[in-house]
Amino acid sequence: MASGLVLFFYISAHLINHALGLVSLDAAEAGMSIAVEVWYSVPGTILLYGAATVHFLMALLAIYERRTFRLPPLEIIRIALGFTMPILLIGHAAGTRLAYDMYGLSSDYTRVVGVLWASGQQGWQLGLMAPGWIHGCLGLNFAFGRRQWFRQLRPVLFAIALLLPVFSGLGFIAMGRELAGTPRSAAAQEYLSPANTEQRLAIAQWKDNLLNWYFSIIFAAFMAREIRNLIERRAKGLVQVTYPGQTVSIPRGWSVLEASRSFHLPHASMCGGRARCSTCRIRVTAGQEHCPPPAKDEQDTLTRINAPAEVRLACQLRPQGNVSVIPIVRTARPVYRATAPRRSGEHDVVVLYCDFRNRADFASDHLPQDLLHILTVYVDGLSQAIRAAGGALSYVESDSVCALFGLDGAGEVCAQRALDAVGAVEGVIADLNNRLGRRESDRLKISVVVHSGHAAIGEIGSSEPPMVLAIGEAVDVANEMRKLAAERDRAFAISEQVYQAAGLIPVHDDEAVLHRPEGITTVFLSDAAPIASPAWTLHGKVNRAALLRRLWAGG
Ligand code: HEM
Ligand code: FES
C-alpha cells in the first residue's frame, strides 16, 4: 500500500502543479522547479522509482495470484486502468526524465508543454492523466473505504477527485495558450527541428524498448499464471467447499472467495481480497484440518477483530481438502451479477426430516424461555451438521427440520452425504442431551427419516438465500416414514432406496413396507445411525486429536 500512496502523492502533486498554470506559466514553473529538486534528487529518485517498481511487481503478483478474473466490476476497472496507464506514462517519462538524464534537456513547463503543444500531442497528454488518477482514487477507496474518517470525508474527497484533474487540464491548456507564439516557445520549436532528429529518435527508441519490455513482462505474468493453473488442475485435483445450501468443487489452491465468485455466490469483500477489511470472513464448520494456518496479513486482521479460532478470511484461505463454511457478513446479491440462478426443476432428490418427538413433554416440564433456548441450540446444531454434509435446509419449524440433498440432481454421493448428516445429527443430539442432564425426562427424543425419490424443486420467497421447497413422491413417502418412526418409537428410519444409492448394506433393528400407488418402499428402522459420527457436537466437528493435544499441553 505504501508504494501506491507514494505514487498517489506524486501524481496529486503533479496535477496541482499543472493547475498552477491557471495562475500563470511562471507560477507553474516555480512549482515545477521545487518538484524537480525533490524528485530528481537521489532520495527522491529512489523513493519514486522504487515505489513504481514495487507497485508494478505487486500488480504482477496480484495478477499471478488471482485464480479467477470473475471480479466485481470496480476491481476489474481498477486493475485494467492500472495496467493501461504506463503505456502512456512510459512515453511521457521518456520525454522528460530520460531526456534530462541522457541529453540534459530540462523538464520545465516551457519545454515540455511547448513540445507537446507544437507536436499536437496535448490531447494524449490530457488523456494520460485519467486512467492513473481513477486507478489511484479507486485504490484509495478500496484501501480506506471502511474507515470512519474516510467515510466522513468522502464528499470532499470525491469533489477533489473530480476537480483536480479538471483544473490540472485547464492549467495545461492555459500554459499552452500563454506560450503560443511567444519567443519562449521558439526553443520548443527548435527542439522539434531536423537538427535534433537524432536525439528525438534515440528517445523514441528508448520509449519503444521500454514499452516492449513492459508488454513482455505482463505477458509473462499471464503465461506463468496459466501454467500454474494447468499444473494445479492436473496434479492437485479438486476440493469441495460447502456453503449453506450449496457445495461447489474448485481446484486445490483457490481461495474460498474465488470459489464464491466463480459460482456466483453472494460474498462480501470490500477491500478486494487484500486481507484488510475482514468483510469476507467465514466460519469454518468442518474441515479445519485442511486449512493452512493464517499468514501474517490475515492473522493481523483476525486479531484486530478478535475473531474466534474457527473464523477465517475467505480471500486468504486456500483449503487443501474439503471444507464447510458459512459466510458471516451478509450481502444481498452476488457482487457482479444482478440475479442469482434459481434452482428449480423436477428430479431425484434425497429428503431428510428430523423431528423433535417429545416436544410436548418438554413444553410442560420447562419454562417457555428455557424451551426457546433449547430449540435454538437444537436447530443451530442440526443446521450446521446438515450444511457441513452438503445439504440445503428446506424449512425449519419449532419441532422439525427438513433438508434436501442433491438439489442439482441426486446420486450416490448425495445419498452418502445424507447418511453422513444422519450420523452428525446423532452426534449433535447426544451432545445436547449430555448438556441437558441425566434424567430421562430431560432427554430430547428425535426421529430422523431419509428417503430418496422424485420431486419438483422450486425456490420460493424473497429471503436470501431463498427457501427451497420439494413437492412430490419423495416428500410424500418421507412423511409416511415419519409417522412410522413415531409409531414404532425408533430414532432412525431410512429407505431401501437411500441404502441402495449409497451402496451400503442396511442397518436395522426393525423393518416395514410401505405400499403406495407409485410402488413399494422398504423402510429400515434403527435406534442408532447407520454411520456413526461421534466427533460431531453442537458446535460442529471436534478435532479430537487437537483437543487432546491442547489438554495435554495444559491449554
Ligand atoms: C505501473 C503502473 C501501475 C500498475 C500496473 C498498477 C496496478 C495496480 C494494481 C493491480 C493494484 C491492485 C493490487 C491488488 O489488488 O492486489 C494497485 C493498487 C493501487 N494502486 Fe496502482 N498501479 C500502477 C500505478 C499506480 C499509480 C501511478 C498510482 C497513484 C496514482 C497507484 C495507486 C494505487 C493505489 C492507491 C492502490 C491501492 C493500494 C492497495 O490497496 O494496496 N497505482 N495498483
Ligand atoms: S476481502 Fe477484505 S479481508 Fe478479505
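We count ligands from 1, going down the list as the structure has it; atoms in each ligand are counted the same way.
Between the side chains of Ser3 and His55, at least one donor-acceptor pair of N or O atoms lies under 3.5 Å.
Less than 2.8 Å away from atom 4 (Fe) of ligand 2, the protein contributes these N/O/S atoms: Cys280 SG, Cys315 SG.
Note that CG of Leu238 and CH2 of Trp254 are 10.0 Å apart. Values are rounded to the nearest 0.5 Å.
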Would Phe263 and Tyr243 satisfy ring pair (Phe, Tyr, Trp, His ring centres under 6.0 Å), going step by step from the backbone distance to the final call?
CA-CA 11 Å; Phe263 289 88; Tyr243 295 82; 8.5 Å; no
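Aromatic rings of Tyr64 and Phe222 (six-membered ring for Trp) have centroids beyond the 6.0 Å cut-off, not under it.
Salt-bridge formation is not detected for the pair Asp300/Arg304: no Lys NZ or Arg NE/NH1/NH2 atom is positioned less than 4.0 Å from an Asp or Glu carboxylate oxygen.
Heavy-atom minimum distance, Ala389 versus Phe405: O-CE2, 3.8 Å.
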